[in-house]
Each structure stands twice: as structure tokens, then as C-alpha cells.
Trainee: 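Take a look at this one; I'll ask things after.
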Number of protein chains: 2
Amino acid sequence: MPAPTLASDTRTAILDAAAGLFARQGLDSTTIKEIGRAAGVNPALLYYYFADKAALYEAVLERLMTRFPDRLAEVAVREAPVRDAIAAVVHMQAEVFLSEPLLPRLMARELADHEARRAAPVIRSHAHRLLSALTNLISRGQQRGEFRSEVSPELAAVSCLAQLNWFFIAGPALELILNREGVTREPDAVHRFAQHVVEFTLAGLERR
Amino acid sequence: MPAPTLASDTRTAILDAAAGLFARQGLDSTTIKEIGRAAGVNPALLYYYFADKAALYEAVLERLMTRFPDRLAEVAVREAPVRDAIAAVVHMQAEVFLSEPLLPRLMARELADHEARRAAPVIRSHAHRLLSALTNLISRGQQRGEFRSEVSPELAAVSCLAQLNWFFIAGPALELILNREGVTREPDAVHRFAQHVVEFTLAGLERR
DNA sequence: GTCTATAGCGGGATAGAC
DNA sequence: GTCTATCCCGCTATAGAC
């Protein structure tokens, strides 16, 4: 891994190209030559910057997940009123997926592959932090008497996260089905859905 | 496609083995020889029963989707009170995924691959019917004054379906994260989540 | 750091015996 | 219907010139 000189945006070019191809086609369906072509770089160069194809794949995942703001989980703890914290988490999630459109596809693939056994630890640990932050948040809401106590905080957290996750994974198909070009990519439409998720989730949680 | 003689459970064996491998690894990462091994059948036989690998893949999808009860969408129309209809749809969805555990993974992969461009038409049309049935259902609930009218019926339908879909797609990972072996496969645990989804969704929809 | 050439392997698919 | 043998191709990865 060479120093980040100017010349080594070759490395970046490879990473960028690979991210797109891996997200769209998966690891095995993507060839070295394809990556080289997409990056505008000699395919053999890949082996100068990375040990092999698998290492490149790991690097791609790592890089995307690192950009993935840790703030997501932090936000869940920081915001004062519980309902604001939940809203913040959902909108932050939308923000992340908007700025990193490849992430949901890559994650979906990782989840589906190999019983998630090889699902990058980085994904697993992130998901775990996020899920337990949300679970705690909901518990707190219950203790304060704001939320109904019959709901399982853990299941409710899954319900909350599932909505946006699925929205983005099924994105391309949803656009066809709903017959609305861009609903899962245009910031306005996405935030409208995120806002819906917030309201829907809070309505599902709050005392009547 | 030979007559369904006794001898042709060879064909079935191939389909079964292929379904598992495709769901877990995808089309390209699964080799002919692997399928043969898993099916306990000579790999070359694959070409006696199917034109090529792609044709086998289509056959696998077709077969799984056909087992997928059309009743799912019908149920949405048939049940009398709106809330019962929603409950019926969600539990039916759980039932289908339980009896066809490969389906969600296969669907997730189809969605992630190739911008869903080649997402089997059969998936698309099914999803469309289900989604619009649910949307109509929710609209009806609003007209009857049972549901809040600020909610977009279409978005709410997405929220409702997303929960179980995501639950099953992320299943293997969720089991690791929640540290609960089997939550996404054992009928009891699954129906408990389905029941949660029903209550959560109705709470999100109903007037306070 | 970048490029060419190529080794070497494993994949899909077919021919043809049984 | 099943099996063996094999062709051919394209892929990953490397060696080595520049």
C-alpha cells in the first residue's frame, strides 16, 4: 500500500471502478479486465496495488464502510428527546445511502452470500452497533412512558431499520413497480420516504 | 423437458441442488460440477435436461415463484375487515418464506444484480400485484375512517412489506447480530416476528 | 509504476460410447 | 438416460521489459 502520492489515484481509480462493478455484479462475475477497462488502467496494475482480486474486494468494502459515518450509531445516543434521536437515525441512514448508492447493493449481496458467514466483519459489527443503539433508544422511550410497553424494543428496532434498508435494496425494482423513475435515488423523494418512515415508526411505538 | 416419469426425478434433483447453490452463491459462482455433486448426479446430465446453465437458472426461479401462492395477493382482497386482511397478508408472507427458505435470498440477489433489469418478470409482476393489493387495502381503511389519512397508502404498503422481506434477507446476519440461533428459520420465532409486524403496522396506521 | 506476454488452471459445453 | 473424455475458451495471476 504505497504512500498517497498524486500518482496513486491509480489506486483510487481502481477502487472506484471495482466498487461499481462489484456492487452491480458481485465478486465472481466481475473480471480483472473489466475493472481495468472501467478504471482506464492496465489490468495488470491491479496486482501492483492489491494482492489479488479478493483483497481488492475487501478493500472496496472497507473503504465504503469507513465512509459510512460512525455518527449513525452515535447520533442515536446523542440526541436528547427519544423521538428526535430516532428521526435523526433514520434521516442519517437515508443520507448515507444517498451519498453512497452502491452500499445497499453491496450489503445485500454480502448478506445473501454464504449464509453471511463471510459477511465482512466490518458490516456485522456496524450493524450490531446500530441495532443495539436503536434498541436501547426504544427501551428508554418505554421507561419514560412515552412508548407502548408491549412492543419488543429489539423487534421494533428491526422494523425501523428494515424499512429504509429494503427500500434501497429493492430500489431499482420499486421504481419499476411504482412506475416512478428515481424515487430511490433523488434526494427529495428519498427524504420524503425517510420522513414517512419516521412518522410511521413513531406512530407504531407511541401510546395512543 | 421430458414427461414426468419416475426416472426424471433426476431433473428434480438437479433443480433442488441448483436452487440451494444459486440462492447461496449466485449464478456465476456456482459451477456445473458443483451442482452435479450436490445433486448426486453426473454433471453432464445437466445438458440433457436443460439447454445450458442460464436455462437451468431460469427454471429454478420459475419453479420457486410458481410455488409462491398467488393467494398472497388474493388474500388481500378477500378478507373482510381491513385489519384482518393486512394481518392475513403478513402471515401468509411469513408462511411462504418459511416453506421456501431460498426464495428471499434468490429474490434479493435478483434485485441486486444488473439494476434489476433482468429481474425475472415473474418477480416483478408478482411484487406489483401484492403491492397494489396492499395499497388499495390501506386506502379502503382510510376511506372508512379507520386509518389516519395523512399516511400515503403506497408508502405504508412499502413499509409493511419491507419488514418481513428484510427480516428474511438479512436472516443469517440477523441471527448472528441478535445472537439468537434460528430466529429467522424456526416457525415459532418467525410467526412471533410476523405478529409483531402486524401490530406495529396497524399501530402505525390507525387513528389514535 | 506501467505495460506485454503468457503460463496455468478451471470453467462451460459437446461428442459419442454404453 | 447416463457416463467418460475432452475441447476450447477466458479467467487469474505472474514474469519480466521498459
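In the text below, chain A, chain B and the rest are named by the order of the sequence lines, each starting its count at 1. Atoms considered below: every heavy atom in the structure, side chains included; atoms not considered: hydrogens, waters and symmetry mates.
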Trainee: Given atom CG of A:Leu46 and atom P of D:dC11, what is their separation to the nearest angstrom?
Mentor: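 Interatomic distance, CG of A:Leu46 to P of D:dC11: 14 Å.
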Trainee: For the pair made of OH in B:Tyr48 and C1' in C:dT14, what is the distance, rounded to whole Å?
Mentor: 16 Å
Trainee: Looking only at side-chain N and O atoms, does A:Tyr47 come under 4.0 Å of OP1 or OP2 in D:dA15?
Mentor: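 So the side chain of A:Tyr47 is outside the cut-off, no N or O lying under 4.0 Å from OP1 or OP2 of D:dA15.
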Trainee: What is the distance, rounded to the nearest whole Å, between atom OH of B:Tyr49 and atom C1' of D:dC3?
Mentor: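 Result: 13 Å.
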Trainee: Distance check needed: C:dG11 P versus B:Ile32 CD1, whole Å only.
Mentor: 10 Å
Trainee: Give a yes/no on whether any side-chain N or O of A:Asn42 is located under 4.0 angstrom from OP1 or OP2 of C:dG1.
Mentor: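 For A:Asn42, the contact criterion (side-chain N or O under 4.0 Å from OP1 or OP2 of C:dG1) is not met.
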Trainee: Does A:Thr31 put a side-chain nitrogen or oxygen below 4.0 Å from OP1 or OP2 of D:dG10?
Mentor: no
Trainee: Examine distances only and state if a side-chain atom of B:Glu175 and a backbone atom of B:Thr184 form a donor-acceptor pair shorter than 3.5 Å.
Mentor: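 Yes, because the side chain of B:Glu175 sits within donor-acceptor range (under 3.5 Å) of the backbone of B:Thr184.
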Trainee: Could you state the atom-to-atom distance from OH of A:Tyr57 to P of D:dT12 in whole Å?
Mentor: 15 Å
Trainee: In terms of side-chain heavy atoms of B:Lys33, which of D:dT2, C:dG1, C:dG11 is nearest?
Mentor: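 Of the options given, the side chain of B:Lys33 lies nearest C:dG11.
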Trainee: Respond yes when some side-chain nitrogen or oxygen of A:Thr10 is under 4.0 Å from OP1 or OP2 of C:dT2, and no when none is.
Mentor: yes
Trainee: If you assign each of A:Ala44 and B:Ala51 to its closest nucleotide in DNA chain C, which residue comes earlier from the 5' end?
Mentor: A:Ala44
Trainee: What is the separation between atom CD1 on B:Ile14 and atom C1' on D:dT2, rounded to the nearest whole Å?
Mentor: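 After rounding, the gap between these two atoms is 11 Å.
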Trainee: Considering only D:dT12, C:dA13, D:dG1, which nucleotide approaches the side chain of B:Lys53 most closely?
Mentor: C:dA13
Trainee: In whole angstroms, how far is the P atom of C:dG16 from the CG atom of B:Leu45?
Mentor: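 Spelled out: CG on B:Leu45 to P on C:dG16 is 18 Å.
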Trainee: Hey, does the side chain of B:Gln142 reach the backbone of B:Phe147 with a donor-acceptor pair shorter than 3.5 angstrom?
Mentor: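 Not a single qualifying donor-acceptor pair exists.
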Trainee: So, does B:Gln163 use its side chain to make a donor-acceptor pair with the main chain of B:Ser159 at under 3.5 Å?
Mentor: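 Yes; at least one donor-acceptor contact below 3.5 Å.
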Trainee: So do B:Val183 and B:Phe193 actually touch side chain to side chain, heavy atoms under 4.5 Å?
Mentor: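 No - every pair of side-chain heavy atoms lies 4.5 Å or more apart.
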Trainee: Taking CZ from A:Phe50 and P from D:dT12, how many angstroms apart are they, rounded to a whole number?
Mentor: 15 Å
Trainee: Would you say B:Arg24's side chain and B:Leu102's backbone share a donor-acceptor pair under 3.5 angstrom?
Mentor: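 Not a single qualifying donor-acceptor pair exists.
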